[in-house]
Colleague: 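Mind having a look at this structure? Questions to follow.
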2 protein chains.
Amino acid sequence: MRAQALHGHLDALLLAVLEQGELHGYAIIDALRARSGGTLDLPTGTIYPALRRLERAGYVASSWSTVNGRERRTYRLTDAGLRALAGERAGWREFSDTVGRFLGTDQPPAPA
Amino acid sequence: MRAQALHGHLDALLLAVLEQGELHGYAIIDALRARSGGTLDLPTGTIYPALRRLERAGYVASSWSTVNGRERRTYRLTDAGLRALAGERAGWREFSDTVGRFLGTDQPPAPA
DNA sequence: CCTCATGTGTAGCAAGGCTACCTGTCTGCC
DNA sequence: GGCAGACAGGTAGCCTTGCTACACATGAGG
């Protein structure tokens with residue numbers, strides 16, 4: 001899958017993943033790959049800047065911890081992030097509905 | 001709708017619109033607006049460069065005609081464009097399926 | 001006459017994901 | 001002991017692509 005198709009939707013994915021529990025960056029990449037069946041295999045250079053963006057926006061908060069002598073930065077969803085996620089879901093629905101109307105995802109063009 | 005969410009999907013939309021018959025740029029904008037129920041209202045500065053991109057790629061071909069003293073450039077889908085559209089449709093399905101799995105468009109997370 | 005819709009077009013900006021690179025620890029293999 | 005590779009985090013700069021703002025031209029309507 002052409003990954004740049006994500007453009008603008010990555011934030012929503014990250015929020016959705018963090019909705020199920022706090023994770024650190026590397027684990028987020030694993031979670032995305034696992035839940036997408038391998039389709040989403042995002043490089044660290046995509047994830048880390050995106051997480052910082054979300055943190056600047058106040059949608060996630062991070063805390064450092066040390067696991068096996070390795071520094072880990074764990075991210076969790078904030079209340080604002082949860083609200084943002086709801087908005088992103090609505091936005092995604094409208095977007096996919098609109099584009100799907102042209103590309104015929106699974107809803108036929110004229111049911112009625 | 002945040003229009004930049006289109007990123008990477010605009011070409012597919014244009015091909016899909018032209019699939020139903022040849023149109024000129026301005027009419028394409030109208031068609032997108034009409035078929036999307038007003039959601040997609042794209043500026044000319046988005047459409048014209050995109051059409052040139054598609055023409056360079058060989059997916060559409062254009063021809064000039066004069067209507068009411070106004071020069072019109074009419075675009076039609078090429079065979080390569082038709083094939084590209086099929087690929088775009090498949091790509092869209094995979095993309096929307098993948099993202100939908102996270103944002104829960106209409107398929108629940110764990111049906112079984 | 002002037003404005004607005006029709007119609008095409010360009011220059012430059014901005015956003016966002018990607019490539020390529022760097023740092024460091026721990027584990028396993030030779 | 002040394003080296004590769006997974007784990008873990010991070011940055012700089014590129015590239016694509018849609019958007020804003022503008023320019024040009026004609027025809028219709030006030």
Colleague: Does a salt bridge link B:R83 with B:E88, judged by any charged N lying under 4.0 Å from a carboxylate O?
Modeller: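 Answer for the salt bridge query: no.
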Colleague: Which of the following nucleotides, D:dG10, C:dT8, C:dG17, is nearest to the side chain of A:L10?
Modeller: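 Closest nucleotide to the A:L10 side chain: C:dG17.
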Colleague: Any side-chain N or O of A:R53 under 4.0 Å from OP1/OP2 of C:dG17?
Modeller: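 Looking at the OP1 and OP2 atoms of C:dG17, one of them is under 4.0 Å from a side-chain N or O of A:R53.
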Colleague: Phosphate oxygens OP1/OP2 of C:dG9: is one of them under 4.0 Å from a side-chain N or O of B:Y48?
Modeller: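 It does not, given that no N or O in the side chain of B:Y48 lies less than 4.0 Å from OP1 or OP2 of C:dG9.
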Colleague: Does a side-chain N or O from B:R52 land closer than 4.0 Å to OP1 or OP2 of C:dT10, or not?
Modeller: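 It does, given that an N or O in the side chain of B:R52 lies less than 4.0 Å from OP1 or OP2 of C:dT10.
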Colleague: Between A:T66 and A:E71, does any side-chain donor sit less than 3.5 Å from a side-chain acceptor?
Modeller: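 There is such a pair between these side chains.
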Colleague: Any residue in residues 11-18 of chain A with a heavy atom nearer than 4.0 angstrom to DNA chain D? Just list them by number, or reply none.
Modeller: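 Those residues: none at all.
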Colleague: Select base, sugar-phosphate, or nothing to describe what B:G25 touches, counting heavy atoms under 4.0 Å on all strands.
Modeller: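 If one applies the 4.0 Å heavy-atom cut-off, B:G25 turns out to touch the sugar-phosphate alone, with no base involved.
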Colleague: Of the nucleotides D:dC19, C:dG9, C:dC18, which has the atom closest to the A:P43 side chain?
Modeller: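 So the nucleotide nearest the side chain must be C:dC18.
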Colleague: Among the candidates C:dT8, D:dA8, D:dG18, find the nucleotide nearest to the side-chain atoms of A:Y26.
Modeller: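 The answer is D:dA8.
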Colleague: Go through the side-chain N and O atoms of A:R73 and A:S62 and say whether any donor and acceptor fall under 3.5 Å apart.
Modeller: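 Their side chains do contain a donor-acceptor pair, which is all the 3.5 Å distance test asks for.
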Colleague: For the pair made of CD1 in A:I28 and P in D:dC7, what is the distance, rounded to whole Å?
Modeller: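 My rounded result for the distance is 16 Å.
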Colleague: Looking at every non-hydrogen atom in both residues, tell me the closest pair between A:G81 and A:L15 and how far apart they are.
Modeller: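 Closest heavy-atom pair between A:G81 and A:L15: O-CD1, 4.0 Å.
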Colleague: Toward the 5' end of DNA chain C, which comes first, B:T74 or A:N68, by nearest nucleotide?
Modeller: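 Nearest-nucleotide comparison on DNA chain C picks B:T74.
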Colleague: For the side chain of A:T46, starting at C-beta, report the closest nucleotide among C:dG17, C:dT10, C:dG9.
Modeller: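 Looking only at side-chain atoms, A:T46 lies closest to C:dG17.
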Colleague: From D:dT17, C:dG7, C:dG17, pick the nucleotide closest to the side chain of B:R72?
Modeller: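 When the side chain of B:R72 is considered, C:dG7 is the closest of D:dT17, C:dG7, C:dG17.
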Colleague: Does B:T44 get its side chain close enough to the base of C:dG9, under 3.5 Å, for a donor-acceptor pair?
Modeller: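 Looking at the base of C:dG9, it does pair with a donor or acceptor on the side chain of B:T44 (distance under 3.5 Å).
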Colleague: Could one point to a donor on the side chain of A:R70 or the base of C:dT25 with an acceptor on the other under 3.5 Å away?
Modeller: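 Counting by modelled atom types and ignoring angles, a donor-acceptor contact under 3.5 Å is found here.
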Colleague: Looking at D:dT20, C:dG16, D:dG18, which one has an atom nearest to any side-chain atom of A:H7?
Modeller: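 Nearest nucleotide to the side chain: C:dG16.
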Colleague: Between A:E71 and B:A50, name the one whose nearest nucleotide on DNA chain D is closer to the 5' end.
Modeller: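 Nearest nucleotide further toward 5': that of A:E71.
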